[in-house]
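Contents: one structure, followed by commentary.
If you're wondering where the values come from, they're calculated on a predicted model, not measured in any experiment. For reference, positions follow the sequence shown, starting with 1.
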Amino acid sequence: IAFATDSSAFGNVLAFIIALVALVVILVFAPAIVQTQIASVKGQKVEFSEAFNKAKPFVLRFVGLGLLATLIVGIGLILFIVPGLLAFFFLSYAAYVLVDKNTGIVDALKASYELAKEYWKVTLGLFIVNAAVTAVGYFPLIGGIASFVLSIAYFCLGAMVYVAIAGKKTAVAEAEVVKKKK
């Protein structure tokens, strides 16, 4: 009996399994990473195991958020690219809102839209920095190393911007409540 082995089929199956494992790892760790970023920006000490435990309830919402945001951005990209880029721009804080404010998926998307709309200049600056960090990676020889180093420095920048603008928005809302009580 001879068994036919098709190495390309085996390679495809192996690649699929690796991609599936990577996706699961990302989905499990992403909320913990966002939790850690926000805590560190707020000056709180957090152990990774603590962040991981606090992030467990967010895993399914992260999956939903990722699917819905990808669908929205993807449809926007199909519609002449610019709508997709705008969707990506306005939904950039959704993961931070979801974890920080413990919201649902749609509320996180709405809050992200409002933050990006109100603080569009800061958000645009964040996107320019992101584009620059990404562009550095395309330079031959040193681009990959430089991009890696810059990415490490950039790691908490999104959380820093989110915490700063969300704090301003909260302070303004609280001031309006106090003003209405008088």
Side-chain angles (χ1 to χ4, degrees), residues 20 22-131 134 154-181:
L20 193 59
L23 179 63
V24 169
V25 169
I26 289 168
L27 291 174
V28 170
F29 284 101
I33 291 169
V34 170
Q35 180 84 25
T36 304
Q37 287 175 324
I38 292 171
S40 97
V41 168
K42 290 181 176 181
Q44 302 166 351
K45 291 184 179 182
V46 63
E47 304 250 345
F48 186 75
S49 60
E50 177 187 346
F52 185 74
N53 287 331
K54 284 183 177 180
K56 282 180 186 176
F58 297 105
V59 171
L60 290 178
R61 282 186 273 167
F62 247 75
V63 171
L65 179 65
L67 290 173
L68 188 55
T70 300
L71 180 67
I72 292 167
V73 172
I75 289 170
L77 289 172
I78 291 169
L79 300 173
F80 306 112
I81 297 173
V82 173
L85 295 175
L86 287 172
F88 188 69
F89 178 87
F90 285 111
L91 302 180
S92 59
Y93 301 114
Y96 297 116
V97 173
L98 185 106
V99 171
D100 188 40
K101 305 296 183 194
N102 194 13
T103 67
I105 296 166
V106 174
D107 290 336
L109 293 171
K110 287 178 183 178
S112 177
Y113 172 80
E114 291 299 324
L115 283 171
K117 184 173 85 172
E118 185 169 344
Y119 297 99
W120 69 269
K121 291 178 185 175
V122 175
T123 306
L124 182 60
L126 181 64
F127 270 73
I128 291 170
V129 169
N130 186 23
T134 303
Y154 176 79
F155 182 69
C156 280
L157 187 59
M160 290 169 66
V161 170
Y162 164 75
V163 168
I165 65 177
K168 284 182 183 180
K169 190 155 182 95
T170 302
V172 169
E174 289 172 355
E176 288 177 10
V177 168
V178 170
K179 187 176 177 182
K180 286 180 182 178
K181 287 183 178 180

Pairs where residues 58-88 contributes a residue and the test ring-ring contact (aromatic ring centres under 6.0 Å, His included) is met, not counting sequence neighbours: F88-F127
Any pair counted as ring-ring contact (aromatic ring centres under 6.0 Å, His included), so long as it reaches residues 23-47, sequence neighbours left out: F29-F48, F29-F52
Test salt bridge (charged side-chain N to carboxylate O under 4.0 Å, His left out) applied to K117 - qualifying residues, sequence neighbours left out: E114
Passes side chain to side chain contact (heavy atoms under 4.5 Å, CB included), L71 versus L67? Steps please. CA-CA 6 Å; L71 180 67; L67 290 173; over 6 Å; no
Compare all side-chain heavy atoms of Y96 with those of V163 and state whether any distance is below 4.5 angstrom. no
Using the test side-chain contact (heavy atoms from CB on, under 4.5 Å), find all partners of [X] that sit at least two apart in sequence or belong to another chain.
X   : result
I26 : none
L23 : L27
L79 : I75, P83

Can you name the closest pair of heavy atoms from I72 and A87 and give their distance? CG2-CB, 3.9 Å
For A111 and V97, work out which heavy atoms get closest and say how close. CB-CG1, 3.7 Å
Residue pairs passing the salt bridge (Lys or Arg N to Asp or Glu O under 4.0 Å) test with at least one member in residues 39-49, sequence neighbours excluded, are K42-D100
Which side chain to side chain donor-acceptor pair (under 3.5 Å) pairs, counting each pair once, include a residue from residues 85-94, with sequence neighbours left out? Y93-T123
Any residue meeting side chain to side chain donor-acceptor pair (under 3.5 Å) with [X], in chain and number order, not counting sequence neighbours:
X    : result
N102 : R61
D107 : none
K56  : N53

If you measure from CD1 on I81 to CG on L86, what distance do you get to the nearest 0.5 Å? 12.0 Å
Without placing hydrogens or testing angles, list every side-chain donor-acceptor pair under 3.5 Å for residues 32-40, not counting sequence neighbours.
from, atom 1, to, atom 2, distance (Å)
T36, OG1, A32, O, 2.7
Q37, NE2, F155, O, 2.7
S40, OG, Q37, O, 3.4

May I ask you to decide if A108's main-chain N or O and S112's side chain share a donor-acceptor pair within less than 3.5 Å? no
